[in-house]
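To keep things clear, I will list the structure first and then write my remarks on it.
Quantities reported herein were computed from a predicted structural model and do not represent experimental measurements. Nothing fancy with the numbering, it's 1 onward along the sequence. In listed order, ligands and their atoms are each counted from 1.
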Amino acid sequence: MGLLKPVTKKPPLRLGGSGATQVSSLRPQAVEKLAPCIGNCPSGTDIRGWITTIAQREKTGLSEEQAFEKAWRTIVEYNPFPAVMGRVCPHPCEEKCNRTEKDGAVAVNCLERFIGDWALEKGLPLGKLEEDPKPESVGVIGAGPAGLSCAYQLARRGYPVTVYEAFPEAGGMLRYGIPRYRLPYDVLDAEVKRILDLGVELKLNTAVGRDVPVEELRARHKAIFVGIGAHRGKKMGVPGEEGPGVLTGTEFLNRANSGERVDVGSSVAVIGGGDTAIDAARVALRLGAKVTIVYRRTRTEMPAIDSEVEQALEEKIDIVFLAAPVAVLRDGQKLRALRVQRMELGEPDSSGRRRPVPVVGSEYEIPVDTVIAAISQEPEAERVAALGAEKGWFKADEGGKVSDGVWAGGDDLDLGLATIAVYQGRRAADTIHAALRGLPPLRKDDRPKIPVSRIKLDTYEAKPRAERAILSVEERLADGDAEIDHGITREQFLAEVGRCFSCGLCFDCEKCWMYCQVNCFAKLEEKQPGHYFKIKLELCDGCKKCAEECPCGFLEMV
Ligand SMILES: Cc1cc2nc3c(=O)[nH]c(=O)nc-3n(C[C@H](O)[C@H](O)[C@H](O)COP(=O)(O)OP(=O)(O)OC[C@H]3O[C@@H](n4cnc5c(N)ncnc54)[C@H](O)[C@@H]3O)c2cc1C
Ligand code: SF4
Ligand code: SF4
Ligand code: SF4
């Protein structure tokens, strides 16, 4: 685990015990904490658990392959898409990693991708959680990450699940939004197939409310999960917008990802600063156009994934900050230019970001053939409104329930990330299962958090963070579909798992065992991450040395 020196046990100096030999009345207690990476992963993956399974494999007697499989099985308890998430998740887990304070966060996202790809190469199937088949059938609307996550968690408990999907293929925005150079089809398809292999029925080209009436679904299924996403791009609301040459971001990406070579001409303006805008711009560039992104705030406020913005800039996409469209100009029907107005930042708005305020008299024109408005999306909820949509969106309680028999999750609750959709699909599956089996509500994770102030940073050896290999700009543009990110090697992977501090859970550094002068710490025969020592409290004299030395904050004096 990256400690500087091997430890050797010193001979006892004190005899310990009780009465006159007591140093204090405090006693050590082993308390597992919630690591910040886990608390900040929207899908709630036990990141520390799976990483330390591999890092501590030799201590626990696992071969590399056994540890890899155990680690992968830990991830898929929470998230059946590690290879996908290891590519597209903007990894909020890393933002809160305690190792950031030393020499850079553990590269959790790269690690997740590596282990996800390893399991795909091995062809590992997802496992069942309960063997007994359940009689109640569940209908899932939408085969995006929310719907598939819900279907997976129910199918592995033995429920018959049918997923209804309007599009010809499964994956939702992972397939029809995110471009191939970020997420290859074969990776997505393989992780989807593993879910279907559990016996989930997938009905493609089947829109609920168009091809199957909502009432029929209610009659067929005991519970319904709504995961329809948010596919309708919002319009800009400027004059000249209606007509050829103006597309929304989701419409453009959907057509491009469906295999159409969209004719965008030689010059394109993309409006917006989120992932959809950056993806649309980079796809338009790959169609041969010169691309300008127009964003009304500054780089600091841009919600798009930072590395995607960097790569777009490297590819010579121009970003005009502090500007907003005011009109689409046409010669007859043909689009001629986009008129934009300069903005400046005013007071913060409800999103907490500073509000863009127009600068009077600052309008100018950008000559373009196509305008792609990637400003926001909303659900196409009309078809399934009878299931409880309000003003076009679904609202759910904290268990994901909308009303009796109806649950929802993912972008149709609020625009979010794939990892949020995965969590909300799982959350709904858990509460559907509890409702159908008459089980008590799920318990909240009440483990105390482990802040960086409790980690002994100096105890851990400095090690540089693993960096992924990515294609050069020339290579990217020579083959527009080629995956840009090539991840990390097995050697990098094995080194990177060793950078995890194991925050709040024992990793057998032996410090307590070495420093305790009265031999309270006895090594266990059966070793597991977090379970290496038995504390013999009857010998303790309350000196506190063990808790003071424990580098990961596992030991408390109580
Ligand atoms: C361009 C773009 C890029 C993105 N990039 C990232 C990224 O890099 N990282 C990240 O984490 N997130 C990203 N996101 C967000 C992420 O894709 C979404 O948060 C996530 O896909 C939401 O999952 P979902 O299952 O709720 O909905 P979706 O993925 O949208 O899936 C909903 C599915 O429901 C189907 N459906 C809709 N109506 C019906 C109906 N009536 N009957 C049957 N089926 C229906 C749709 O066809 C669709 O397949 C991106 C989004 C976009 C648009
Ligand atoms: S899903 Fe995202 S936040 Fe969660 S572990 Fe993976 S990269 Fe981190
Ligand atoms: S060091 Fe490991 S356990 Fe601690 S926050 Fe980072 S990834 Fe999580
Ligand atoms: S000091 Fe080391 S061995 Fe002892 S409890 Fe803490 S992490 Fe585990």
Report, one line per pair, each donor and acceptor closer than 3.5 Å where one atom sits in a side chain of residues 216-229; sequence neighbours left out.
unit_1 : atom_1 : unit_2 : atom_2 : d
Glu216 : OE2    : Arg220 : NH2    : 2.5
Arg218 : NH2    : Ala386 : O      : 3.4
Arg220 : NH1    : Tyr164 : OH     : 2.9
His221 : ND1    : Ser137 : OG     : 2.6
His221 : ND1    : Gly139 : N      : 3.4
His221 : NE2    : Tyr164 : OH     : 2.7

Under 3.5 Å donor-acceptor pairs involving side-chain atoms of residues 100-110, not counting sequence neighbours:
unit_1 : atom_1 : unit_2 : atom_2 : d
Thr100 : OG1    : Cys97  : O      : 2.6
Lys102 : NZ     : Leu457 : O      : 3.0
Lys102 : NZ     : Tyr460 : O      : 2.8
Asp103 : OD1    : Arg99  : NE     : 2.7
Asp103 : OD1    : Arg99  : NH2    : 3.3
Asp103 : OD1    : Arg499 : NH2    : 2.9
Asp103 : OD2    : Arg99  : NH2    : 2.9
Asp103 : OD2    : Lys463 : N      : 2.8
Asn109 : OD1    : Arg468 : NH2    : 2.7
Asn109 : ND2    : Met85  : O      : 3.0

Please assess Thr52 against Ser502 for the test side-chain hydrogen bond (donor to acceptor under 3.5 Å, both in side chains), listing each intermediate value before the final yes or no.
-> CA-CA 7 Å; Thr52 57; Ser502 186; 5.1 Å; no

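Aromatic pair His433/Tyr159: centroids less than 6.0 angstrom apart.
Annotation for ligand 2: atoms under 4.0 Å from non-hydrogen atoms of Asn109 are 7 (S). In the vicinity of Thr419, heavy-atom distances shorter than 4.0 Å reach the ligand 2 atoms 1 (S). Each of the following atoms of ligand 2 lies closer than 4.0 Å to a heavy atom of Met85: 1 (S).
Side-chain contact between Phe81 and Val192: present, with at least one pair of heavy atoms (C-beta onward) separated by less than 4.5 Å. Residues Ser258 and Glu169 fail the side-chain proximity criterion, which asks for heavy atoms closer than 4.5 Å. In this structure the side chain of Pro160 never reaches within 4.5 angstrom of the side chain of Val138, judged on heavy atoms. In this structure, the side chains of Ile372 and Thr248 stay at 4.5 Å or more apart for every pair of heavy atoms. No side-chain heavy atom of Leu198 sits under 4.5 Å from any side-chain heavy atom of Val161.
Both cation-pi conditions hold for Arg180 and Tyr185: the charged atom is under 6.0 angstrom from the six-membered ring centre and inside a 45 degree cone around its axis. Taking the ring centre of Tyr181 as origin, the terminal cationic atom of Arg476 falls outside the region bounded by 6.0 Å and 45° from the ring axis.
Contact annotation: Pro42 has at least one heavy atom less than 4.0 Å from an atom of ligand 2.
Glu112 has its closest N, O or S atom to atom 6 (Fe) of ligand 2 at the position named OE1.
Regarding atom 2 (Fe) of ligand 2, its nearest protein heavy-atom neighbour is Cys89 SG, 2.3 Å. Nearest non-hydrogen protein atom to atom 4 (Fe) of ligand 2 is Cys41 SG, 2.3 Å.
Inspection of the Arg232 and Gln377 side chains reveals no N or O donor paired with an N or O acceptor under 3.5 Å.
Remark: of the listed residues Asp279, Asp275, Asp485, Asp279 is the sole one forming a side-chain hydrogen bond (donor to acceptor under 3.5 Å, both in side chains) with Arg182.
Sorted by chain and number, the residues within 4.0 Å of ligand 1 by heavy atom are Val88, Pro90, Ile141, Gly142, Ala143, Gly144, Pro145, Ala146, Tyr164, Glu165, Ala166, Phe167, Gly172, Met173, Gly177, Ile178, Arg182, Thr206, Ala207, Val208, Gly227, Ile228, Gly229, His231, Leu253, Asp275, Thr276, Asp279, Ile305, Gln377, Gly410, Asp411, Gly416, Leu417, Ala418, Ala421.
Using a 4.0 Å cut-off between heavy atoms, His91 contacts ligand 2 through both its backbone and its side chain.
Excluding water, every protein N/O/S atom under 2.8 Å from atom 6 (Fe) of ligand 3 is given here by residue and atom: Cys97 SG.
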